[in-house]
Amino acid sequence: MNTGKLNEKLNKNNGKYSAESIQVLEGLEAVRKRPAMYIGDTATKGLHHLVYEVIDNSIDEALAGFCRTIDVIINEDGSVTVQDDGRGIPTDYHEKEKRSALEVVMTVLHAGGKFNKDSYKVSGGLHGVGVSCVNALSSYLEVVVYRDGKVYKQEYERGKPLYPVKEMGNSENTGTIVTFKADNTIFSTTDYNFEILSSRLRELAFLNKGITLTITDKREIEENGNGNGYRSEKFYSEEGLKEFVRLLDATREKLTDNIIYIETVKNEIPVEIALQYNTSFSENIHSYVNNINTIEGGTHLAGFRRGLTRTLKNYAEKSGLLSKLKFDINGDDFREGLTAVISVKVAEPQFEGQTKTKLGNSDVMGSVDMAVSTLLGNHLEENPKDARTIVNKVILAAQARHAARKARELVQRKNVLSGSGLPGKLADCADRDPVTTEIFLVEGDSAGGTAKQGRDRRFQAILPLRGKILNVEKAMPHKIFDNEEIKNIFTALGVSVGTEDDSKALNLEGLRYHKVIIMTDADVDGSHITTLIMTFFYRHMEELIKNGFLYIATPPLYLVKKAKQERYCWSEEERQAAVEEFGKGKDGSVHIQRYKGLGEMNAEQLWDTTMNPETRTLRQVTIESAAEADRIFSMLMGDDVPPRREFIESHAKYANIDV
Ligand code: 0RA
């Protein structure tokens, strides 16, 4: 893009306000032309990113020590207001730009960061594109600034100022209020989801202790016990990551009473870590860079692992605890049953990887390693009882790993010995070429039966899975391979798990189908099971997802009927449209059938709506969506305690949104 040079020329040639507006258009027009380049996509995710972007600016202000409260309001008309009590965006006249600094921040790409040097701006990631991006993608935006005893205001349409910044009066307050309405000619949806926003605010509260974040939804009035009111939530964390870990492990049995907490600055990089061991067998590490969840990890995570392994190993060796161990310990053993949150702040983060959520800055590794070595080392010395408990758990993990390997080898040997080795429940297809064949993993024997009848047996195989497959999170590694359903999946797919120590190595060579399709009911339980199966694949067959082989089937939600007319509907909107259309005819009433489960369809209907490649819609599972499913699960599973149920329901939906 060379709009920058062009703009400079315009500025030199013409200092008048109107000319500046041209620059605005040119800078922000690029954002409107290719919005996905700036905010990822123009669907649900991108829409919510607009809000995150504005909040990020307020968080920066809070991290600089000037803001304590951030309020988010979803307004009645679907616009969003983000209000903070920071210093307020600067409003002084900008000599070079010949207009208010406020207007520059709001209308010039990346201007905000240049004004505010002491904040951790993100480059390359999805956030940090600047509030001007939000402006560009809003049909309307209004900013009100309280600063220097005065109130200032400016309004915009599609990023273009409607008038120069104006003074509105006096006030002793300071802060910024941004209200914007996402442009519905750019976004495919402009309907905000309360849960998505509130869980991000909850996360931000844990990541930035001491800040109060609230969210209020003015679109609906709800009964809230104290009479009618708006749906709202307030988040505040006194202890930050320590509380985050406490929440993550709320349903797990703790190994030690103390959560280990590390907060330090190493080589100018702020490092904050909380960790605790529980009696489960899985690793739950969540890492963040500048408040962004780094799903793919990176150098900070590598530094953490290295520091953790070395420090625990040193302690174990020094205290003679390893003498009874017959096997060697590997890195995984140190992380079994570990729940940890790592948060670093990096001035110029380099994000890499498929989803741009992998930190690349090499110096961060040393900083985190050093932080862990020093402070975890101290903690172990000061709490020998905890240290002993943790080391014993690590030894147990090493023993279990050896047991798991034996179990796995046994399963695979059996498969080789017993002829085809295919599970009895599998209804295989006739064709043998994996490129053209597909397998449906179907929830329940009854729906499995319907699918068998409805399928095209030449290229479609059906594997019914009974009930909820084993909760991977809770199972011991070798128990996973004892589980009938899981063994069936592995053998039906024809893949083997690597037998070397790296349990994650997966051999896709023998894969028998290049489409693996999860088919569950279109209800809450079904979505729960889909999330669970996605989690399983993410944890044990990541390669399969990376190759784009995992899909989710989308059965319809409704059948709208009138006389001989019939239409399947996949959403509320489609249903309404069909009812309206059919209703226009003369006589006869419109009948709406809600499909709660696959079992309510007959074989032909299931084929037409969900299995026929000509007419169905499959959603491809991406690593990102699988990681999100895993994240939600690891936050929630353990035991399915009732208060978490609601959370699962609202989030299970989100996990599937853009697969
Ligand atoms: C630029 C410079 C400064 C603050 C901000 C921007 C700022 C932006 C937003 C957006 C929402 N809330 C905000 N609060 C502050 C530094 C101001 C100074 O040095 O006084």
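Keep in mind the model is a prediction, meaning the values are calculated, not measured.
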(request) Would you tell me whether Ser367 and Asp363 have side-chain atoms, one donor and one acceptor, within less than 3.5 Å of each other? (result) no
- Item | Pair Arg310-Ser373, side-chain donor/acceptor within less than 3.5 Å | yes
Classify the ring geometry of His48 against Tyr52: parallel below 30°, tilted from 30° to 60°, perpendicular beyond 60°. tilted
**Prompt:** Judged by modelled atom types alone, do Thr299 and Asn361 share a side-chain donor-acceptor pair under 3.5 Å?
**Reply:** no
Glu243 versus Ser237, side-chain donor and acceptor atoms under 3.5 Å:
yes
Say whether Tyr261 and Glu272, considering side chains only, have a donor N or O and an acceptor N or O under 3.5 Å apart.
yes
Arg512 meets the salt bridge (Lys or Arg N to Asp or Glu O under 4.0 Å) criterion, sequence neighbours left out, with Asp428
| task | Answer yes or no: is there a donor N or O on one side and an acceptor on the other, between the side chain of Asn208 and the main chain of Ala205, under 3.5 Å? | result | no
**Request:** Check whether any side-chain N or O of Thr311 sits under 3.5 Å from a backbone N or O of Leu308 as a donor-acceptor pair, and report yes or no.
**Result:** no
Geometric cation-pi criterion, Lys393 with Phe281: 6.0 Å, 45°
yes
Just by modelled atom types, is the Tyr236 backbone N or O under 3.5 Å from a matching donor or acceptor in the Lys209 side chain? no
Polar side-chain atom of Glu263 near backbone of Val271 as donor-acceptor pair, under 3.5 Å:
no
- Message: Has Ser287 got a side-chain atom pairing as donor or acceptor with Thr294's backbone, closer than 3.5 angstrom?
- Response: yes
Can you check whether Ser58's main-chain N or O pairs, donor with acceptor, with Asp84's side chain at less than 3.5 Å?
no
Requested in this report: Say whether, by atom type as modelled, one donor and one acceptor occur between the side chain of Asn547 and the main chain of Glu543 under 3.5 angstrom.
Outcome: yes
Exercise. Do Arg200 and Glu203 sit within salt-bridge range, that is, some charged N less than 4.0 Å from a carboxylate O?
Worked result: yes
Short side-chain donor-acceptor distance under 3.5 Å, Ser527 and Thr530: no
Establish, from distance only, whether the side-chain atoms of Tyr315 and Glu317 form a donor-acceptor pair under 3.5 Å. no
Does Lys356 make a cation-pi contact with Phe351, if we ask for NZ or CZ under 6.0 Å from the ring centre and within 45° of the axis? no
Are Arg619 and Tyr551 in a cation-pi setup, meaning NZ or CZ lies under 6.0 angstrom from the ring centre and within 45 degrees of the ring axis? no
Is Glu239 salt-bridged to Arg246, cutoff N-O under 4.0 Å? yes
- prompt: Going by an N to O cut-off under 4.0 Å, is there a salt bridge joining Glu283 and Arg335?
  reply: yes
Give a yes or no answer on whether the side chain of Ser625 reaches the backbone of Thr622 with a donor-acceptor pair at less than 3.5 Å. yes
Closer than 3.5 angstrom, by distance alone: can the side chain of Asn278 be matched with the main-chain N or O of Leu255 as a donor-acceptor pair? no
Nearest heavy-atom approach of Ile262 to Leu376 is CD1-N, 4.3 Å
